[in-house]
Protein chains: 2
Amino acid sequence: MGQAARVSYQSVKAKVLQSIRDSTWAPGTIIPGEVELAELFGCARATVNRAMRELAEEGILERKRKAGTLVKLSPTPRAKFDIPVIRDEIEQTGGVYRYALVKRVQSDVPSWLRAKLAMSEGDQALHLQCMHYHNNKPYQFEDRWINLEVVGSAAQIDFKDVGPNEWLLSEVPLTNAEITFAASRATKEIAEFLDSSEGDALFTTERITWIENRAVTFARLFYHLGYRLTTRI
Amino acid sequence: MGQAARVSYQSVKAKVLQSIRDSTWAPGTIIPGEVELAELFGCARATVNRAMRELAEEGILERKRKAGTLVKLSPTPRAKFDIPVIRDEIEQTGGVYRYALVKRVQSDVPSWLRAKLAMSEGDQALHLQCMHYHNNKPYQFEDRWINLEVVGSAAQIDFKDVGPNEWLLSEVPLTNAEITFAASRATKEIAEFLDSSEGDALFTTERITWIENRAVTFARLFYHLGYRLTTRI
DNA sequence: AAGTGGTCTAGACCACGGC
DNA sequence: CCGTGGTCTAGACCACTTA
């Protein structure tokens with residue numbers, strides 16, 4: 001056939017977005033079904049399907065079987081953040097990364113952590129504190145607990161040269177995680193490590209990592225004063 | 001045919017993940033091509049393709065034409081946050097939402113904002129300050145500027161009943177945005193609005209919204225003390 | 001019960017990018 | 001050059017949901 005430049009799912013997405021913008025399909029509208037759209041755009045249903053599936057994933061559309069596809073009333077911005085390994089984050093900007101171990105203590109798991117990680121009384125945990133530097137300026141203070149009942153091999157590592165996050169990544173790949181963003185005031189100790197002042201507002205993240213329903217580690221990361229996390233959507 | 005329960009892309013994903021977990025395909029490994037995998041799993045190439053495409057999107061794999069598909073060395077956790085309209089965020093948890101306008105002033109755009117939003121000298125802007133309450137407790141203080149050169153109709157709205165974010169969503173749908181997360185210390189004024197103390201560490205987000213390369217609005221959102229943003233990946 | 005999205009297949013052509 | 005992923009098609013069956 002003449003092969004009139006086959007219709008791509010990208011162009012279908014664009015056309016649908018355009019129709020929403022120019023109010024052909026206002027928010028709340030139920031738009032035509034896939035078969036009809038395929039005919040309208042002159043492409044296969046699979047092509048329409050991929051376009052619509054992605055738009056739904058992006059929070060623009062809402063799809064239900066039988067009911068059809070509708071334009072969301074308040075399209076939910078969906079921010080995506082890549083949470084890179086800190087070494088990569090620094091080296092990708094051309095900076096020099098340096099790591100230092102501050103503290104390393106093995107002990108019974110404290111009760112507050114026992115609850116958080118679903119551990120049992122008497123279970124062993126490894127408590128680490130580390131500093132990460134960017135061009136020799138303080139970048140992040142890391143306060144981490146590792147569940148030795150799950151990754152007992154950590155007890156044999158001194159963590160003097162390699163950070164616990166990097167080590168864990170290679171040891172226990174493909175974990176699930178719960179990430180929390182918050183703000184906290186610098187304690188005197190943390191302020192000293194971060195060349196900051198006691199009481200400064202620090203951007204803070206917490207992360208609990210699981211492998212198949214077993215908690216691997218809990219980390220609190222305190223960023224240097226003025227750190228900002230930015231993304232485009 | 002016997003229809004031996006067709007192989008789903010979900011199961012292909014699961015099998016690939018399993019092979020990574022048990023080190024059949026260690027990080028850094030180049031895994032077999034799509035045709036070979038399709039044969040291995042007993043399904044069509046399109047099925048393998050969808051599975052692999054999603055795994056790549058999730059940051060587990062890295063794909064390149066000709067080179068093939070490899071298991072990432074440090075799988076990048078990719079956190080996704082839904083940034084809902086604040087009313088929805090509160091009402092979905094069963095809370096009662098209340099909005100109040102604090103300030104509304106139209107003026108020339110200040111120079112710091114002119115640079116940020118790529119506006120011109122003498123352009124008009126609308127400066128709004130608002131409070132959002134959850135069960136009548138302070139939830140968020142909003143400090144927003146609207147570019148009247150782009151959405152001039154905002155000049156006619158009093159924003160006494162409907163918040164600027166909700167109004168903008170209906171007026172200018174499908175915008176792009178740049179979102180920033182940070183921590184900041186409460187000023188005396190903001191602390192009073194949020195029932196907090198001067199100097200408290202507040203979780204803060206900033207957002208610049210664009211429509212086709214024209215800045216629509218800039219907002220700084222200060223959350224009440226103790227607010228945390230959490231997600232699972 | 002029936003309509004709509006969800007998915008799978010088999011085959012084809014395309015385009016990027018190592019070699 | 002040519003292998004690998006990227007995409008499109010036409011057709012089919014399935015499964016969830018609402019009427």
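What you see is a predicted model, and the numbers here were worked out from it, not measured in a lab. Chain letters run A, B, ... following the sequence lines, proteins first and then strands; every chain starts at 1.
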query = Is a salt bridge present between Glu142(A) and Arg144(A), judged by a nitrogen-to-oxygen distance below 4.0 Å?
reply = yes
task = Give a yes or no on whether a salt bridge exists between Glu178(B) and Arg207(B), defined as a side-chain N under 4.0 angstrom from a carboxylate O.
result = no
SB check Glu206(B) Arg228(A) (cutoff 4.0 Å) = yes
inquiry  = Between the side chains of Arg63(B) and Glu34(B), is the shortest nitrogen-to-carboxylate-oxygen separation below 4.0 Å, so that they form an ion pair?
reply    = yes
message = Please check if the number of heavy atoms outside Asn213(A) that lie under 6.0 Å from its CG is greater than 12.
response = no
remark   = Counting primed atoms, P, OP1 and OP2 as sugar-phosphate and everything else as base, the B/S/- map of nucleotides 4-9 of chain C against protein heavy atoms under 4.0 Å is BBBBBB
